[in-house]
There are 2 protein chains.
Amino acid sequence: MNANALSDENRRKLLEVAAEEILEKGFQATSISDILTKTGLSKGALYHHFSSKLTLGYAVLEEVYQPDCINQWALALSTSDPVSSISELLRTEIEEISDESIRLGCPLNNLAQEMSPIDEGFRQRISRAINRWRSDLEAALARGQKAGNVDPAIDTFQVATFIVASIEGSIGLAKNGQDRALFGACLEGVISYLEGLRA
Amino acid sequence: MNANALSDENRRKLLEVAAEEILEKGFQATSISDILTKTGLSKGALYHHFSSKLTLGYAVLEEVYQPDCINQWALALSTSDPVSSISELLRTEIEEISDESIRLGCPLNNLAQEMSPIDEGFRQRISRAINRWRSDLEAALARGQKAGNVDPAIDTFQVATFIVASIEGSIGLAKNGQDRALFGACLEGVISYLEGLRA
DNA sequence: ACTACCAAACCGACCAGTCGGTTTTCAAGT
DNA sequence: ACTTGAAAACCGACTGGTCGGTTTGGTAGT
């Protein structure tokens, strides 16, 4: 492949600044020029690494947002007592989430809401990312059932889907209200729903 | 006020076409020119009725999206057995919702996710609209408690907030997946949560 | 004559993307 | 070790086009 460290570094810088800009303003309202100013790079550099604004957006999604999301959940979804481990994750989230994160919301969901009806490429990539999260959650629930920690009667697909939806909804509601208390109230709802899934 | 029927009709046409465009593309990506083309009116007409794109957006929110939302929920939130009436509403929603609605999502939530971090005027107006929905729901739950239909131990604020969040999340997830089944699975989750609130 | 309403030409700002040219990198040749 | 040459990386002025908004001018109703 390519062993040029400097080049990779610049590509990385473009990705990360683009990720910040897109998170703040949305994809369509993000200006290429702004990204270039913030990175200190030129148009030539950007269009050398990415063939268009759209492919830059796809790369941000797949190389920044999605890995971040997976990392955040990996630990809580690897146990065989998902009700406890997820509840714990949500509780620490309630306490430790930054004001900035509340203001800006979930990168994946932001992009999903903005781009799904407009660009099929975005829609499918985001759908894949969320689907992976959902299926990891589903696997954790099934593991919990096997271990006797989760009610064996529940439909893991349906429950996992609902949990994902309600968490995204919670983040979205708190983002609009810019209110920690709202975020806490919503996640408490998720937690109490989770607790109802115990065997 | 003003009794000129033609003028009001043009204003109304601008509002409704703008509402469609914003729902399809988002506020920022909506082009004034496109709205004018679709209405057959001119810039002079638009800027006579609205002082800027922003105030047009505010008007769409307050005069189109918010009333639509209120109307949709009014009936289900006026009973004293909210668990039953809301579940019923959600079930008919699962069956009767159009493909177009799934593709485009909830107008209020779309605008909330796009504009909340960017424009404080939008954020507050949307927050007010959602807050009203939430408090109507909260009142219905309290009424249900008084009538002995809802568990008196629940915190109506927390529960109402969570329900709003999970419904918005459900619509958002289905919009991204463009999948009726996903929408159904999510709303089933809401319903089963609701059923757990009975006295 | 006055006001409400609307049309159309017009404006500067900004947009994503292009392109000719320059610099940096690195391996191959000697 | 040194040169060379070509490709990869990068630069920034420029283009065509669209944006929201303004201005000017007119028309219909009262």
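Here is the naming used below: chain letters follow the sequence lines, and residue numbers restart at 1 for every chain. Here the structure is a predicted model, which means the values were calculated and not measured.
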Base versus backbone protein contacts along nucleotides 13-19 of chain C [heavy-atom cut-off under 4.0 Å; B, S, -]: --SBBB-

Is the backbone of A:I126 close enough, under 3.5 Å, to the side chain of A:E62 for a donor and an acceptor to pair up by distance? no

Side chains of A:I35 and A:L56: does their closest heavy-atom pair fall under 4.5 Å? yes

Look at atom CD of A:Q28 and say whether more than 12 heavy atoms of other residues, nucleotides or ligands are closer to it than 6.0 Å. yes

Here the distance between atom C1' of D:dC10 and atom CG of A:L36, to the nearest Å, is 12 Å

Grab the NE2-C1' distance between A:H48 and D:dG12 for me, whole Å please. 16 Å

Determine the sole option in A:D8, A:N10, A:L15, A:L14 for which the side chain to side chain contact (heavy atoms under 4.5 Å, CB included) test with A:R12 is passed. A:L15

With a 4.0 Å limit, can you tell me whether B:H49 has a side-chain N or O closer than that to the phosphate oxygens OP1/OP2 of C:dA4? no

Under 4.0 Å, counting only non-hydrogen atoms across every strand here, what does B:L41 touch: a base, just sugar-phosphate, or nothing? sugar-phosphate

Any pair counted as side-chain hydrogen bond (donor to acceptor under 3.5 Å, both in side chains), so long as it reaches residues 96-105 of chain A, sequence neighbours left out: A:E24-A:R103, A:S98-A:S101, A:D99-A:R180

The helix from C:dA1-D:dT30 to C:dT30-D:dA1: angle between terminal helix axes, five bp per end, to the nearest 10 degrees, reads 10°

Assign the ring pair A:Y58 / A:F122 to parallel, tilted or perpendicular, where the plane angle (0 to 90°) is split at 30° and 60°. perpendicular

Which of parallel (below 30°), tilted (30 to 60°) and perpendicular (above 60°) describes B:F162 and A:F162? perpendicular

Short side-chain N/O contact to D:dC10 OP1/OP2 from A:N10, under 4.0 Å: yes

